[in-house]
Amino acid sequence: MNLVTKMCKRSTIIKETSFGRDMLNVLAECQLQRVGFCELDISKSIITLKSYLVKRLASKGHEYPSQLRFLYPAYFDSARVLLAECVAEFFQTGRIWVSELDVQWMEYIDHEICQIILTETDVDVLLRVLRKVQSSDHDLCSRWQDPADRARWRQHAQDVYDILNQLK
């Protein structure tokens, strides 16, 4: 799946949202470039995205109250769902496509990742978050006002869950 496609505002796939693209850019800069886009290490990716989100959401110089306490759970769950989508994509297609912006030429370069490092603990973490985000109380589910959109979100999360659950 190419990240440089027209994005649907109502997409249930986090990888197709601006947040998903931002998180993939963070992974590209902090992790994937170092390994030549050869592999995606899910454990390292979780740590990389967590660190990035903590830095991004923490208060800066006490200028305003930290949003970390309120925003971090939803953002971090979104980041883990994004990684679950990448794992599902890999096990369905044998590769993950990531596009990187070449700022010198202002064009995107597609990279094909053909190897994934995934531990049993990673699978457990991703399965746990996929169950969690299907709850009506969870921000990723409750943000959908239309019951049909909420049902599509739950179905997407369940589909990704079913793919990952086969790895157990």
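Throughout, residue positions are numbered sequentially from 1 according to the sequence presented. We use all heavy atoms of the structure for the numbers below, so side chains are in, but hydrogens, waters and symmetry mates are not.
Residues I163 and Q92 share a closest heavy-atom pair of CD1-NE2, 3.2 Å. Contact between V160 and A84 at its shortest, heavy atoms only, is CG1-O, 3.7 Å. Between I109 and H111, the shortest heavy-atom contact is O-CD2, 3.5 Å. When all heavy atoms are compared, the tightest approach of M106 to V103 is SD-O, 3.3 Å. For the residue pair V123 and L164, the shortest heavy atom distance occurs at CG1-O, 3.9 Å. The shortest heavy-atom contact between W144 and R150 is O-NH2, 2.7 Å.
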Let's go through S99 and R21 carefully: what are the C-alpha distance in whole Å and the side-chain angles of both, what is the deciding distance for side chain to side chain donor-acceptor pair (under 3.5 Å) to 0.1 Å, and is it a yes or a no?
CA-CA 9 Å; S99 295; R21 289 189 310 275; over 6 Å; no

Pair F37, E100 - check side chain to side chain contact (heavy atoms under 4.5 Å, CB included), show working.
CA-CA 10 Å; F37 290 87; E100 172 190 32; 3.7 Å; yes

Evaluate D159 against Q155 for side chain to side chain donor-acceptor pair (under 3.5 Å), listing each step before the verdict.
CA-CA 6 Å; D159 290 346; Q155 187 60 54; 2.6 Å; yes

Kindly determine whether L167 and V87 satisfy side chain to side chain contact (heavy atoms under 4.5 Å, CB included), including the steps that lead there.
CA-CA 10 Å; L167 302 173; V87 171; 4.1 Å; yes

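With salt bridges taken as basic N to acidic carboxylate O contacts below 4.0 Å, none links E85 and K15. With respect to the salt-bridge test (charged N to carboxylate O, under 4.0 angstrom), the residues R143 and D149 do not qualify.
Each of L130, I13, V133, I14 was compared with H156 under the side-chain contact (heavy atoms from CB on, under 4.5 Å) criterion, and only I13 meets it. Each of T48, D122, L118 was scored for a side-chain contact (heavy atoms from CB on, under 4.5 Å) with S43, with one residue passing: D122.
Using a 4.5 Å cut-off on side-chain heavy atoms (C-beta onward), I116 and E39 make no contact. I42 places none of its side-chain heavy atoms less than 4.5 Å from the side chain of V125. Side-chain contact check for C38 versus I113: every heavy-atom pair is 4.5 Å or farther apart. The shortest distance between side-chain heavy atoms of Q166 and F91 does not fall below 4.5 Å. Inter-residue side-chain proximity for S78 and L140 is flagged as met; some heavy-atom pair is nearer than 4.5 Å. In this structure, K168 and D124 have side chains that are in contact, with non-hydrogen atoms separated by less than 4.5 Å.
Taken together through direct or relayed side-chain contacts under 4.5 Å among Ile, Leu, Val, Met, Phe, Trp and Tyr, I47 and V129 form parts of separate hydrophobic clusters. Transitive grouping of hydrophobic side chains (ILVMFWY, heavy atoms separated by less than 4.5 Å) keeps V35 and L49 in distinct clusters. Connection of F90 to I117 is not established within any shared hydrophobic cluster, with ILVMFWY side chains joined at heavy-atom distances below 4.5 Å, either directly or through further cluster members.
By the 6.0 Å contact criterion, CD on E120 is open, its count of non-hydrogen atoms from other residues, nucleotides or ligands being 12 or less.
Because its NZ or CZ atom is not both nearer than 6.0 Å to the ring centre of Y161 and within 45° of the ring axis, R128 does not count as a cation-pi partner of that residue.
Side-chain contact of E29 with N25: a donor-acceptor pair under 3.5 Å is absent, judged by distance alone.
Interatomic distance, OG of S45 versus CG of L40, reported as 4.0 Å (0.5 Å rounding). Here L126 contributes atom CG and L83 contributes atom CG; the two are 6.5 Å apart, rounded to the nearest 0.5 Å. One distance of note links CG of D146 with CH2 of W153; it measures 15.5 Å at 0.5 Å rounding. Here the CG-OG1 distance, from L82 to T17, works out to 7.5 Å after rounding to the nearest 0.5 Å. To the nearest 0.5 Å, atom CG of residue L127 and atom CG of residue N165 are 5.5 Å apart. Put simply, CE on M23 and CZ on F76 are 11.0 Å apart, with the number rounded to the nearest 0.5 Å.
For R34, the side-chain contact (heavy atoms from CB on, under 4.5 Å) criterion is met by no residue, not counting sequence neighbours. Listed by chain and residue number, D102 satisfy the side-chain contact (heavy atoms from CB on, under 4.5 Å) test with Q104 (two or more places apart in sequence, or in another chain).
Remark: side-chain polar atoms of R154 are paired, donor with acceptor, to backbone N or O of Q134 under 3.5 angstrom.
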